[in-house]
Every structure is written in structure tokens, then in C-alpha cells.
Amino acid sequence: VTEAPVRRLHPVSPLLRGGLFVVAWLGWVVNDARNSGLDGLRIAISGGVVLLAGLVLGTASWWFTRYRVDAEEIRIDSGIFVRRSRRVRIERLQAVEVQQPWLARLFGLAELSLDTAGTGEAEAKLAFLPYVEAVELRRLLLDRSGRPDSAVSDPRRPADDRPVLYRAPPGRLLASLVLRTGFVSAAFGAAIGVALSPLIGRAIGAAVLLGAVITLGSVLIRQYLTWFGFTVRETTQGLRIRSGLLSVRSQTVPAGRVQGVVFVEPLLWRLLGWVRVDVTVAGVARSGDDERQLVSALVPVASREEARALVHRLLFADPAGVSLSLAPSRARPLDPIGLRMLQVGLTDALAVMRRGVFTTRTDVVPRDKIQSVHVRQGPLQSALRLASVHLHLPVGPVAAIAEHRDQQEAWRLALALTGRQPITGPPSTASTPRSQ
Amino acid sequence: MGGPPAAYGRATSGVSPGRSAYAGGVDDLFEVPGTPWVRVRPALARLRHQLLIAGLVVVVLVLAIVAATVSDGVVVAAVGLPLAVVATAYGWRMISRNAASWAYAERDDDLFIRRGVMFRRVEVVPYGRMQLVDVTTGPLQRRHGIATVHLHTASPGTSAQIPGLSPEEAARLRDRLTARGEAQAAGL
């Protein structure tokens, strides 16, 4: 192995990272204009100073930042006054991500972040590299670390020429975000606050309204930008997802590592036949709610039929082919409203469990992915001869629970789910007296 | 009520027989024919009883200090002492029952762990899913000659621990479980 060359980041990097300077300067300009009126000369001079300072500092920082990738480690030296030398062992790399903030996208640049702990927090970042170089470096690092090129983000891969399996229409996307139970109830709460404003004072009412509009609006906009242009394509490793307007993220959901999916149907979505699908993928655990949502969402919104087709491709089994059975009606005292949603079904390949009235969730788990189960029975359930079965899966959004089943059925379910016995076989508890 | 297991396709809701008709009783749920449950050692109850008594002693001491220093503290102590004694008696009984409820059963393909009296729970862990097996014992546990075996799978939901085993039994169980886990490893 020849000595690896020492390299620098892309020369445009300081300009992109200098955006902060510009924002600070704009703030100063606005403030200054309020105090002493707009003065072209002052603005020009200060702008020149800021630009110069930014350029000098940025260029110096760029000059002193170097990285080198050799067989065992990647080394990043940085810092103008305080020098910092960071070494990341390649074999310890958990994830290498290529990201493109929107400004970088204009220049065809990308940011490479290295994560060693598997926590999703970057150990080191290289910002910015030409996009192609970043992708190439990522492939190199993943090769050397011996990790498969799988669930990590990587915008713009050759998969883009593959046929689109599903594309979220912009209108439906917006409507689905507005009709989410949390959003609707927040808007409703704000409306009540405004309606009460004669009682609590007009100023407070206006403040409530303003706060609500800003909060709800920013949530809506952020979500919309995140999911805009959502598409799913099929690749050899699994489904490739791409979405985002300003900063594009894309990832592959590797079919073989899917531990389960969950169809989530908020109350208002059910009227329209819409559903969201989240997925648990082994080895993908990340910090940060937004990020977790991105990683775990298979589809932000789709019709039931479209969602079912995608899940069918991912699990190699059709969840709609499973017939579900209701919990016994004697469970009504324990869950008067939700009883009709407590449904469970099994096939040779899948376990399907549904629950929830306001937001209905249908957890679908490949039976060979179930880690363990437990059967539990509280005193009330005991009196009604009911029991619940919980499935245990790796960390993720899927939480399959069969609530309030007949206790014999629950026990058979538990054994069938953990064993390799066919579900039609005799139950292990057959010798206990049955009440028939 | 529910027919044979093949009835997953049909609705199983319907008229259910009265409780008296259910000859097996509630215990059926936690009986596995042909697999004897192994109960944990009574030392587990002894350990927890000791902790309970230690708690009672602390409460009594606090009450005594209150009675001696605060005005009307005697009234507080007079009310608090019987309450503490009653609570301790109740706790004593609950600990006895709970400790007696812990048991495990090694089957061909999976391990059962049961626990609880009012809220009962049976954990079913296939050997092939086990990632690792821990044996832990703290200073108090050591004095009572017991250890805890803890099974981990790839799921944080798995809560498979068996407290109150003798250290030798715990070590043997761990070795057996590990061997079976290797033989049947399934992975993710």
C-alpha cells in the first residue's frame, strides 16, 4: 500500500460555511438601519469588512484542514490557532453518510459524516467534498470497514433510473399532514383559545393565535419539505426511498433486515383510506426524533392498496391475505371502545395484530423474526379468562400486542409464534380440560 | 368459545361458558404438561423479607425521632406505627407469594419463565434467539447464596431473568442455555 495522499476539502467550502457570517451581518444592518436610517456607504463598508474577514478566516480554516485516508484510519487535521488532529479507525465505523444541504446542492457538493458509535452522532465531518468524491470515499470506507453498503443514506444513486413503485402526490401529502390527529387537535385547541379571547383579553387571544399559527405552520412546512417528492423504487437489496425538497435524503430499506412493519391510520385518514407505514430494520437505531422518523418511515402517506403492495414486496408475503379474528366479546368491560379493533391473524409467514380506535395500528411481523414473546394476565383478565400476548422485536416502531385474547388461544398463539410448529397443530396445552 | 387453532380465520367472539364450567381453572394458563416447573430458592423470599424489615426499622426510627422532637409528634407516631406494621405484614405476604411464583422450565426449543401472582407473566424465549446470558450476584444476594440469570435477545422487550438460583445452578443453567443457543442459533 502506497502512502495515501493528504487531501483538502473543496475550495468552495469556506463560502458555504460562511453563511453564518452573512446572517449576522444582515442582522446588524437591519438593526443599524432602525437606529440611523439606511446608509448605503455604511452598509457597503461593513459588508466589505464582513466579507473580507469571513473570506480570510474561512480560507485559513480551509487551508489548515486536511484529511488522509489510509488502510486503517482516516485522519482529519483542522484548526487555525488550536490545532486538532482526529483519527477515526475505519474498522470501527458504524455508518458513513452522504448529505446534501440545499446550498451545497447548488454547487454539486456534499458533506460526509462518519459515525463510530452507532448512535447517529457524527464523530467527524468532512464538509464539503464534490458529490462524486464523497460517494466514492463512502464506498471505499464501507468496503474497508467490512460493513455492507446498506441502510446508510446516500442521495442520487444509480437506482434513480429504476421504475418508481410509489410517488406521494404533493396534494395528498399536504392534506395528510394537516389531517394528522396531533395536528388537528392542536389546531382545535388553538381555536378554543381564540374563541375564549373575549374572556381572557384580546391581547392574550391574539398572542395565542399568533403562537399557534407560527408553531403549526412551521411544523407543517418542515414536514412538508421533508417529505416532498417522496418516491419508492425497487432495487436488488430492497426498497430505495428518496424524499425532500431542500435537502434530499435517500436510503435503502434492505428487505432481508426488516423485522416488521406497522400500518398507522389516524382517525381522519381512515375516512380517506390513507395509511402511513413505519418499519423496523435491524441495526438502524438513531438519535433524534426527526431522524428516527425519517429512518423508520417506509411511506408517509399512501392508499391502503398502495401501502399493502409495498409491504408485500418488502416482506415477500401479502399482509392483506391474513384473515383477522376479533377478541372475544367478554373482553368488552376491559376495553369498551377499542374491542372491535382488537384483531389478530396468523399465517405461516406473518403475524398480524391490530389495535387502537383513534389511531389504528396494524403491526405486521414476519414470524421468523420474532425474538421472544410474553403472555401476561392481570387480575381482571384472569377473572374473564383472558390474556394478552406481546411480541418482542429489535428497537423500532413496531410493537405487536394481541390484547385480551381467550387465555387458551393466547397460550397457543405464544407457542406458535416462538416455535416452528404450524399453527394448525395440536396445542401444547391440549391435555388441560377444555370447556366445550 | 374459541374452536381449534385453525379458527384464526373465523371470529372467535361469542357466548362464553360460565366460570364454573371452566374445569381447569385459571392455573391452566401457566401449566405446561410434561415440563416440570423449577421453582427458585426460598432464599429469594428471605432476602426480600430482610429488606422489608430493614425498611420497617427505618420507618420506626423516623417515627421515634418525630415523636421525640416535634410537638404533637406522638400523635403522628401513634397513627403511623400501626400503619407501618400493617403495611409490612401485607408486604411480607406479597413477597412470599411473589417469590414463590418465580419458576422456569427448560423445554426442547425454548425457555419458559413465569412470575407474578396478581399480574402474571410468562416469558417464552426460543434458545436460538438468545444473544447472551448473564449471571449476576450482588453482595446481599451472595450472603443468601443466590444469583440471577439474565437472558438477552436482540429485543429490549425481552425481560427474561430468573432471580433466586443457587450460584452453581445459575452457572449450570447458563452453560446449558449457551450451548443450546449455539446449537439453534437463528440470528436476526
Side-chain angles (χ1 to χ4, degrees), chain A residues 257 259 282-283 323-331 344-346 368-379 382-385 387 390-395 399 405-420 423-436, chain B residues 1-19 21-35 107-114 116-126 128-131 151-160 186-188:
Chain A
R257 296 210 335 226
Q259 308 289 307
S323 53
L324 301 175
S325 73
L326 279 168
S329 58
R330 63 176 187 273
V344 172
L346 271 196
D368 58 353
K369 300 293 188 187
I370 297 168
Q371 295 294 313
S372 61
V373 306
H374 75 255
V375 182
R376 66 167 19 150
Q377 187 178 50
S382 175
L384 295 165
R385 300 180 324 286
H390 294 235
L391 308 193
H392 304 151
L393 293 174
V395 185
R405 310 306 295 188
D406 175 83
Q407 61 182 13
Q408 296 285 334
E409 185 200 352
W411 197 221
R412 281 198 303 270
L413 204 56
L415 292 174
L417 289 172
T418 48
R420 273 150 289 277
I423 53 162
T424 47
S428 302
T429 48
S431 67
T432 54
R434 300 280 301 280
S435 55
Q436 287 180 10
Chain B
M1 52 162 263
Y8 278 119
R10 297 203 305 265
T12 52
S13 57
V15 182
S16 49
R19 193 173 157 78
Y22 198 76
V26 174
D27 276 335
D28 283 355
L29 181 54
F30 301 96
E31 285 311 322
V32 189
T35 311
R107 308 194 334 139
D108 289 343
D109 295 327
D110 40 31
L111 181 79
F112 286 179
I113 303 170
R114 79 172 182 200
V117 181
M118 292 264 281
F119 293 87
R120 306 199 294 173
R121 175 165 170 156
V122 182
E123 206 87 17
V124 182
V125 187
R129 296 297 184 183
M130 290 187 319
Q131 299 272 340
L151 278 70
H152 300 268
T153 69
S155 167
T158 308
S159 168
L188 281 179

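Values below: all heavy atoms of this structure, side chains included; hydrogens, waters and symmetry mates excluded. Letters go in sequence order (proteins before strands), and every chain restarts at 1.
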Q. Say you draw a straight line from NE2 of A:His374 to OG1 of B:Thr158; how long is it, rounded to the nearest 0.5 Å?
A. 10.0 Å

Q) Would a distance-only check, ignoring hydrogens and angles, find a side-chain to backbone donor-acceptor pair under 3.5 Å from A:Ser372 to B:Val125? A) no

Q: I would like to know whether B:Phe112 and A:Val375 meet side chain to side chain contact (heavy atoms under 4.5 Å, CB included); could you show each step before the answer?
A: CA-CA 11 Å; B:Phe112 286 179; A:Val375 182; over 6 Å; no

Q) Closest approach of B:Arg129 and A:Ile370, non-hydrogen atoms and distance? A) NE-O, 2.9 Å

Q: Identify the heavy atoms of A:Arg376 and B:Arg121 that sit nearest to each other, and give their distance.
A: NH2-NH1, 3.2 Å

Q) Under a 4.5 Å heavy-atom cutoff, which of A:Gly378, A:Pro379, A:Ala399, A:Ala414 has the most pairs with chain B? A) A:Pro379

Q: Quick one: pull up OG1 in A:Thr418 and CG in B:Asp109 and give me the separation to the nearest 0.5 Å.
A: 9.0 Å

(Q) Nearest 0.5 Å, please: how far is NE2 in A:His392 from CD in B:Glu123? (A) 5.0 Å

